[in-house]
Enquirer: 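Structure incoming, see below.
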Amino acid sequence: MAKDHSNFFNDVYDVARLIPEGRVTSYGAIAAYLGTKGSARMVGWAMNGAGAYPDVPAHRVVNRQGLLTGKAHFNPPSAMQERLEAEGVKVIKDKIQDFEQVYWDPMKELEL
DNA sequence: TGGCTGACTTTCG
DNA sequence: ACGAAAGCCAGCC
């Protein structure tokens, strides 16, 4: 473990671990929470390395539309939807239902 | 140093 | 609702 290649990855993983079960957040939200550390793409890319970190629930991180854009990077890809459904999140056609209800914003929840 | 990449986001047609 | 393009910035040759 870790030798973090960069603090940026560590920050992304840290926020991801804070996501409660049955909740999801967006890449942009994490990027905004981290501030100037990177753009939304960086969060997604950082998640690419999350596969090596078992405590990082990458499946709880989706895009702004609540769409499971990153599911293709899972193994198997269907694991992302199955995990979300197992936590009580409804997913239809790779899209989260009631997204507003399950959305978890680090900017609000953590700074509140 | 410089150029390419990417699990995003927003805007235009 | 969908497709395409631009903006975005850290990491990797």
Side-chain angles (χ1 to χ4, degrees):
Chain A
M1 181 224 58
K3 323 199 100 207
D4 347 304
H5 305 239
S6 276
N7 202 298
F8 178 76
F9 279 64
N10 186 31
D11 287 346
V12 176
Y13 302 147
D14 188 36
V15 176
R17 291 190 186 101
L18 294 174
I19 303 173
E21 293 183 10
R23 297 292 195 120
V24 296
T25 191
S26 66
Y27 303 95
I30 296 174
Y33 181 72
L34 296 179
T36 60
K37 299 212 169 188
S39 59
R41 283 189 172 166
M42 299 301 90
V43 178
W45 193 13
M47 280 298 175
N48 199 335
Y53 297 76
D55 290 332
V56 180
H59 61 276
R60 292 186 190 147
V61 184
V62 296
N63 72 344
R64 212 42 169 156
Q65 305 174 39
L67 201 61
L68 282 56
T69 53
K71 69 170 195 141
H73 296 262
F74 276 74
N75 178 247
S78 59
M80 187 173 191
Q81 179 173 331
E82 290 183 10
R83 272 187 183 262
L84 288 171
E85 291 181 322
E87 294 182 359
V89 179
K90 296 179 182 174
V91 179
I92 299 177
K93 293 190 299 185
D94 298 339
K95 189 176 175 213
I96 295 176
Q97 306 302 301
D98 300 318
F99 182 57
E100 296 181 21
Q101 296 180 34
V102 297
Y103 183 65
W104 181 85
D105 187 345
M107 293 282 278
K108 284 184 173 181
E109 303 297 333
L110 299 181
E111 288 193 30
L112 179 59

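Both backbone and side-chain heavy atoms feed into the values below; hydrogens, waters and symmetry mates do not. Order of the sequence lines fixes the chain letters, A, B, ..., with proteins taken first and strands second; residue numbering starts at 1 for each chain.
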Enquirer: Go through B:dT5, C:dC9, B:dT9 for me and flag the one nearest to the A:S26 side chain.
Expert: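 Looking only at heavy atoms from C-beta outward on A:S26, the closest nucleotide is B:dT9.
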Enquirer: May I have all residue pairs that pass side chain to side chain donor-acceptor pair (under 3.5 Å) and include part of residues 73-84 of chain A, sequence neighbours excluded?
Expert: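 Of all non-adjacent pairs touching residues 73-84 of chain A, those that pass side chain to side chain donor-acceptor pair (under 3.5 Å) are A:Q81-A:E85.
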Enquirer: If I take atom CG in residue A:D11 and atom P in nucleotide C:dA10, what distance separates them, rounded to the nearest angstrom?
Expert: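 Result: 13 Å.
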Enquirer: Whenever both distances are under 3.5 Å in a Watson-Crick or G-U wobble pair, mark it; put DNA chain C into dot-bracket that way, with [ ] for crossing pairs and | when the partner is on another strand.
Expert: .||||||.|||||
Enquirer: Using atom NZ of A:K37 as one end and atom P of C:dC9 as the other, report the distance to the nearest whole Å.
Expert: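 The distance from NZ of A:K37 to P of C:dC9 comes to 15 Å, rounded to the nearest Å.
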Enquirer: Let me know the distance between CG of A:N48 and P of C:dC9, rounded to the nearest Å.
Expert: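 Taking CG of A:N48 and P of C:dC9, I get 21 Å after rounding.
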Enquirer: Have a look at A:K71 and say if it touches a base, only the backbone sugar-phosphate, or nothing, with a 4.0 Å heavy-atom cut-off.
Expert: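 Nothing, no nucleic acid heavy atom in range.
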Enquirer: Can you tell me which nucleotide in C:dC8, B:dA7, B:dT10 comes closest to the side chain of A:R64?
Expert: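 Of all the options, the side chain of A:R64 is nearest to B:dT10.
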Enquirer: Which atom pairs, one a donor and one an acceptor, fall under 3.5 Å between side chains of residues 25-38 of chain A and the rest of the protein, sequence neighbours left out?
Expert:
unit_1, atom_1, unit_2, atom_2, d
A:T25, OG1, A:W104, O, 2.8
A:S26, OG, A:A29, N, 3.1
A:S26, OG, A:R64, NH1, 3.3
A:S26, OG, A:Y103, OH, 3.4
A:Y27, OH, A:V61, O, 3.2
A:K37, NZ, A:D11, OD2, 2.9

Enquirer: If you look at every heavy atom in A:Y13 and A:Y53, which pair is closest and at what distance?
Expert: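 Result for this residue pair: CE1-CE1, 3.6 Å.
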Enquirer: Of the options A:E109, A:H59, A:R60, which is the one that meets A:I19 in a side chain to side chain contact (heavy atoms under 4.5 Å, CB included)?
Expert: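 Single pass found, and it is A:R60.
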Enquirer: Grab the CZ-P distance between A:F9 and C:dA10 for me, whole Å please.
Expert: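 The answer, rounded to whole Å, is 12 Å.
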Enquirer: Can you check the A:Q65 CD to C:dC2 P distance for me, whole Å?
Expert: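 The answer, rounded to whole Å, is 9 Å.
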Enquirer: Of the non-hydrogen atoms in A:L67 and A:K93, which two are nearest, and what is the gap between them?
Expert: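 Closest approach of A:L67 to A:K93, heavy atoms only: CD1-O, 4.3 Å.
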Enquirer: NZ of A:K95 versus P of B:dA7: gap in Å, rounded?
Expert: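 Between P of B:dA7 and NZ of A:K95: 21 Å.
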Enquirer: Checking side chain to side chain contact (heavy atoms under 4.5 Å, CB included) against A:M80, which of A:T69, A:V62, A:V91 comes through?
Expert: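 Exactly one option meets the side chain to side chain contact (heavy atoms under 4.5 Å, CB included) with A:M80, and it is A:V62.
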Enquirer: Under 4.0 Å, heavy atoms only, any strand: does A:A58 hit a base, just the sugar-phosphate, or nothing?
Expert: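 A:A58: base contact, heavy atoms under 4.0 Å.
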Enquirer: Do you know the tightest heavy-atom contact between A:A46 and A:F8?
Expert: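 Scanning both residues completely, I find the closest heavy atoms to be CB-CE2, 4.0 Å.
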Enquirer: Rounded to the nearest Å, what distance is computed from the CE atom of residue A:M47 to the P atom of nucleotide C:dG11?
Expert: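 Rounding to the nearest Å, CE of A:M47 and P of C:dG11 are 15 Å apart.
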Enquirer: Would you classify A:N63 as touching base, sugar-phosphate or nothing, given that sugar-phosphate means primed atoms plus P, OP1 and OP2, and contacts are heavy atoms under 4.0 Å?
Expert: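 Contact class for A:N63: sugar-phosphate only.
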Enquirer: Rounded to whole angstroms, how far apart are CG on A:N10 and C1' on C:dG11?
Expert: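 Distance check: A:N10 CG to C:dG11 C1' gives 16 Å.
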